[in-house]
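Contents: one structure, followed by commentary.
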Amino acid sequence: MADEKTKTEELRERLMIKDSKGAGDLTSEEIARADEFCEGYKAFLDLSPVEREAVEYSVALAEKSGFTEYDPNASYKPGDKVYYVNRGKAVALAVIGKNGVKNGARLAIAHIDSPRVDLKPNPLYEANGLALFKTHYYGGLKKYQWTTIPLTLHGRVMKLDGTAVDIKWGDEPGESCFCISDILPHLGQEQAAKPMSKAFTGEDLNVLVGSRPYPEAEDEKDLVKLNVMAILNEKYGMTEGDFLSAELCLVPSFKTRDVGFDRSLIGGYGHDDKVCAYPALMAALDVEAPEATCITYLTDKEEIGSEGNTGMQSDFLRYFIYDLAKQDGEEGYRALSRSTCLSADVNAAFDPTYASAFEAKNACYLNGGVVISKYTGHGGKYDTSDASAEYMGKIRTLLEKNKIQWQIGELGRVDLGGGGTIAKYVANMNVDVIDLGVPVLSMHAPFEIVSKTDVYMAYRAFYEFFAE
Ligand code: MN
Ligand code: MN
């Protein structure tokens with residue numbers, strides 16, 4: 001009777017939280033499904049470095065799944081699927097439920113902007129025979145990580161005549177890329193002696209874009225710059241003044257790759273927060289005839305505080321829900337007050353190399369499953385909505401019931417730093433909300449890392465939340 005449990009073992013099993021074995025807790029079928037799901041994610045990530053592209057890709061996938069463009073004047077019946085784009089940079093995808101939004105909507109909200117390097121309004125200059133762009137970084141990034149890597153230029157230019165030109169330069173193999181230089185170690189003693197926050201300043205992030213003068217020129221004034229402008233004019237019909245009405249972003253030009261001998265991880269640019277956006281999108285595409293109307297909302301500007309009319313602080317989603325409520329004969333604010341939300345955002349995965357930044361018992365781990373952050377914020381729980389025990393309990397039950405691998409995660413040890421998500425802006429609309437997403441290693445770096453099984457568990461969580 002060697003396999004009979006002792007009383008202590010039995011008690012331990014009944015009372016204590018079980019230690020996670022990571023992917024070891026999953027069946028090989030689950031792991032295979034995760035690997036397959038992530039192939040779609042990798043394609044999404046590669047084609048969606050900036051929010052406009054993420055919206056375009058999402059809408060294309062949604063249309064293939066039978067979604068149509070939302071018409072505020074049309075009336076919708078249960079099972080109808082609509083998408084509603086806000087200024088090309090955010091998109092709401094709704095599956096109309098049997099009860100509409102009368103008892104509230106189910107919301108999964110992720111952001112599709114990621115830290116990057118934006119061009120200044122007047123970016124192009126020439127110095128010492130080189131043409132360069134002045135930039136202003138977007139979001140919280142460690143500036144040194146963005147030097148000496150190949151960069152690609154994405155964005156939109158509005159010309160004086162009102163036409164839009166979309167720019168994409170540097171993605172294709174064989175196409176040229178751009179780069180921010182750094183000082184060589186031999187001459188970097190002064191830089192090395194500075195604290196990291198001072199070693200690279202924002203004004204140092206100048207991007208190399210050319211070095212040959214305009215050929216056979218009659219004078220010598222800024223010919224390298226002129227040559228760059230001539231190339232841009234030939235390809236895009238733009239002039240230097242058109243930079244003034246443009247949104248141009250530099251993002252890493254390397255592609256998404258599997259990481260590790262076992263290919264268990266994915267490295268790529270912009271996991272924060274497309275790694276939650278894609279599973280939330282797929283959950284909306286896959287859910288059929290839910291009870292409550294389900295809305296996946298992919299929002300912009302989270303990395304700079306959710307500001308602006310395409311960010312989460314905008315009334316866009318509120319108005320959309322008001323419109324849906326009107327159709328159901330319900331007051332918009334009542335529909336909103338009964339709504340529940342998963343704020344689909346990433347958390348920092350425990351990094352054994354930087355273990356002291358975390359509190360191991362409350363940190364999240366790669367392969368531990370989808371991570372719930374009851375609160376984010378910083379020092380003394382400032383700037384967070386902090387989900388209630390009741391709502392946390394509801395989500396915990398949902399995950400356990402559906403056997404979705406999950407874990408709890410606090411963002412780093414107390415008083416070290418912190419961060420926020422869109423959750424608090426959703427909470428301000430009187431909606432129950434909690435953060436649920438994927439653990440990320442090297443968050444905000446040009447090449448971030450996530451686990452394939454965690455991505456799949458995020459999809460399962462959003463799907464069951466919608467389908468419940
Ligand atoms: Mn995020
Ligand atoms: Mn972020």
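Just follow the structure's listing: the first ligand is 1, and inside any ligand the first atom is 1. The chain is numbered in sequence order, starting from 1.
Protein-derived N/O/S atoms nearer than 2.8 Å to the Mn ion (ligand 2) total 4, waters excluded.
Considering Tyr459, Phe37, Tyr456, Phe462 as possible partners of Tyr278, the one that fulfils the ring pair (Phe, Tyr, Trp, His ring centres under 6.0 Å) test is Phe37.
You'll find the side chain of Asp258 reaches within 4.5 Å of the side chain of Lys42, heavy atoms only.
Between the side chains of Asp272 and His111, at least one donor N or O lies within less than 3.5 Å of an accepting N or O. Residues Thr310 and Asn86 bring no donor and acceptor atom of their side chains to less than 3.5 Å of each other.
Aromatic pair Phe67/Tyr83: centroids not less than 6.0 angstrom apart.
Residue pairs meeting the salt bridge (charged side-chain N to carboxylate O under 4.0 Å, His left out) criterion with at least one member in residues 405-421: none, sequence neighbours excluded.
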